[in-house]
Structure formats: C-alpha cells, structure tokens
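Okay, so here's the structure we're looking at.
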Amino acid sequence: MSRYCAYQERSQKEVRNKLYELGFYGDEIEELIVELIAENFLNEERFAKAFAGGKFRVKKWGRNKIEMALKQHNISAYCIKKGLEEIDEGDYMDSLEGIIQKKLEAVHESNPFIKKNKVAQFAISKGYEPELVWGILKGQFD
C-alpha cells in the first residue's frame, strides 16, 4: 500500500476502496490507514492541494466543481479550504476568461441572449461561480 500511495497522492477513501478490493476488512483496513498516515504516505491536506491544483491546471475546473469532487472523497472542510487556496486568483480569472472567449467563438448562434446563456451554462457547468461568469459576459456584450 505504501507503493500505491507513493505513486500519486491518494485520499483515505481511495486507499480504503483499494484495500476492500484486495480482500481486507474492518480493523485491518483502519490499522493500515493509520500506519500510512503515521509514515506520511497518506495526507489529506496534501491530497487536497494536489487534487485542486491539478484539476484547475489540467482540466480547467472551477472552484465549485473542485470542492464537490473533494467532498466526494470525504475530505474535511479545512483541507478543502487549504486545497482551494492553491489556486491563484489571477490565474483563475484568466482561465475563466479564456474558457468564455473560446466558447463564444465556438457557439454559432445569431441571438445574443441565447448565445450568452449557452456560454454561461457551459462555464458554470465547469464549476465557475455564476456571478463571475455573468460579470465577464456582461462586459463582453456591453
């Protein structure tokens, strides 16, 4: 399991699921997880930071989507907050503006209201905050 955790950052949920796959149950799993935490192979805060940074840089996810994904990994609110702090505000806004600009060029719609709505829905589905999305779109169409 130490090799499994050393390969990439893992959440406790991922490790627990892997141990179930390997046939471990109950107290055996908890003992192994405690041992992995003690040896620093498993660290929730480190996982949250790596996960948030990676999803933002590679997949261009917004904070809302990253937060929901971390909650699915049963990460604590404190670690989620620390993970989201890894995202630079300037890079975040640049990424959002880039996504909006690219989608505006890709959507072939003559009605500006429908076009704006399609672009906004796309950006919001990527996890960006609606107020940021609509603020940028308002500036694009005014």
Side-chain angles (χ1 to χ4, degrees), residues 1-109 111-141:
M1 284 315 301
S2 58
R3 208 170 336 133
Y4 179 71
C5 292
Y7 178 70
Q8 74 180 40
E9 292 298 333
R10 307 279 183 183
S11 68
Q12 287 185 27
K13 183 179 179 183
E14 288 174 318
V15 171
R16 195 169 272 112
N17 289 342
K18 184 68 170 178
L19 288 169
Y20 282 130
E21 283 178 27
L22 295 173
F24 291 91
Y25 292 99
D27 289 340
E28 290 177 311
I29 290 176
E30 298 310 315
E31 288 172 16
L32 284 168
I33 287 176
V34 167
E35 190 176 318
L36 290 169
I37 291 169
E39 293 175 5
N40 207 23
F41 282 108
L42 204 53
N43 183 318
E44 269 195 355
E45 185 175 336
R46 199 173 59 212
F47 171 78
K49 288 179 178 181
F51 185 90
K55 294 298 182 188
F56 170 68
R57 281 188 307 278
V58 177
K59 293 194 172 188
K60 305 292 185 215
W61 283 9
R63 288 188 192 110
N64 292 342
K65 192 167 185 173
I66 293 170
E67 183 177 350
M68 292 307 296
L70 286 170
K71 284 180 181 178
Q72 289 177 337
H73 281 272
N74 299 330
I75 303 298
S76 68
Y78 171 80
C79 290
I80 290 173
K81 182 178 177 242
K82 285 295 187 183
L84 293 175
E85 287 174 1
E86 289 295 298
I87 301 170
D88 179 67
E89 190 64 33
D91 292 343
Y92 190 75
M93 292 307 292
D94 290 344
S95 177
L96 176 56
E97 289 170 4
I99 286 170
I100 288 174
Q101 196 58 44
K102 191 174 181 181
K103 192 67 175 177
L104 279 170
E105 293 167 7
V107 173
H108 301 295
E109 179 63 53
N111 185 330
F113 296 107
I114 294 173
K115 184 173 187 170
K116 193 182 343 182
N117 192 48
K118 284 183 178 184
V119 172
Q121 288 304 314
F122 175 75
I124 292 167
S125 75
K126 295 274 290 178
Y128 290 91
E129 295 86 338
E131 57 276 3
L132 293 176
V133 172
W134 286 110
I136 290 172
L137 280 171
K138 186 176 183 204
Q140 294 277 340
F141 283 88

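Computed from a prediction, not measured in an experiment: that's the story for all the values here.
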*Looking only at heavy atoms, which two atoms of Ala48 and Cys79 are closest? And how far apart?*
CB-O, 3.3 Å
_Test item: Tyr128 and Lys60 side chains (from C-beta on) under 4.5 Å apart, heavy atoms_ = yes
*Taking the side chain as every heavy atom from C-beta outward, state whether Ile136 and Met93 have any atom pair closer than 4.5 Å.*
yes
*Please name the pair of heavy atoms, one in Ala52 and one in Gly83, separated by the smallest distance, quoted to 0.1 Å.*
CB-O, 3.3 Å
*Please work out which of the three classes, parallel, tilted or perpendicular, describes the rings of Phe51 and Trp61, given edges at 30° and 60°.*
perpendicular
*Note, Val107 side chain near Phe122 side chain (heavy atom, < 4.5 Å)*: no
_On a heavy-atom basis, which atom in Arg10 and which in Phe47 lie closest, and how many Å separate them?_
C-CD1, 3.5 Å
_Once rounded to the nearest 0.5 Å, what's the spacing between atom CG of Asn64 and atom NZ of Lys126?_
13.5 Å
*Given side chains that start at C-beta, do those of Val15 and Phe41 come closer than 4.5 Å, heavy atoms only?*
no
*Nearest-0.5 Å distance, NZ of residue Lys103 to CG of residue Leu137*: 12.5 Å
*Interatomic spacing from CD in Gln121 to NZ in Lys118 - rounded to 0.5 Å*: 11.5 Å
*Between atom CG of Leu84 and atom CD of Glu67, what is the distance when rounded to the nearest 0.5 Å?*
6.0 Å
*asked:* Checking Glu85 against Lys82 for the salt bridge (Lys or Arg N to Asp or Glu O under 4.0 Å) test, could you report, in this order, the C-alpha distance in whole Å, the side-chain angles of both residues, the deciding distance, and whether it holds?
replied: CA-CA 5 Å; Glu85 287 174 1; Lys82 285 295 187 183; 3.8 Å; yes
*Can you check whether Asn117 reaches Ile114 side chain to side chain, under 4.5 Å on heavy atoms?*
no
_Pairwise side-chain contact, Tyr92 with Glu129, heavy-atom cut-off 4.5 Å (strictly under)_ = yes
*Do you know which two heavy atoms are closest between Ile75 and Ser11, and how far apart they sit?*
CD1-CB, 4.1 Å
*Looking at Ile100 and Ala123, what are the two nearest heavy atoms and their distance?*
CG1-CB, 4.3 Å
*Check the pair Asn17, Glu14 against side chain to side chain contact (heavy atoms under 4.5 Å, CB included), reporting the backbone distance first and the verdict last.*
CA-CA 5 Å; Asn17 289 342; Glu14 288 174 318; 5.9 Å; no
*Working to the nearest 0.5 Å, report the span between CD of Gln72 and NZ of Lys13.*
6.5 Å
*Out of curiosity, Glu97 CD to Leu132 CG, how far, rounded to the nearest 0.5 Å?*
10.0 Å
*Looking only at heavy atoms, what is the nearest atom pair of Val133 and Leu96, with distance?*
CG2-CD1, 4.0 Å
*Is there a side-chain contact between Asn40 and Arg46, using heavy atoms and a 4.5 Å cut-off?*
yes
_One pair to check against side chain to side chain contact (heavy atoms under 4.5 Å, CB included): Gln12 and Ile37. What are the steps and the verdict?_
CA-CA 9 Å; Gln12 287 185 27; Ile37 291 169; 3.5 Å; yes
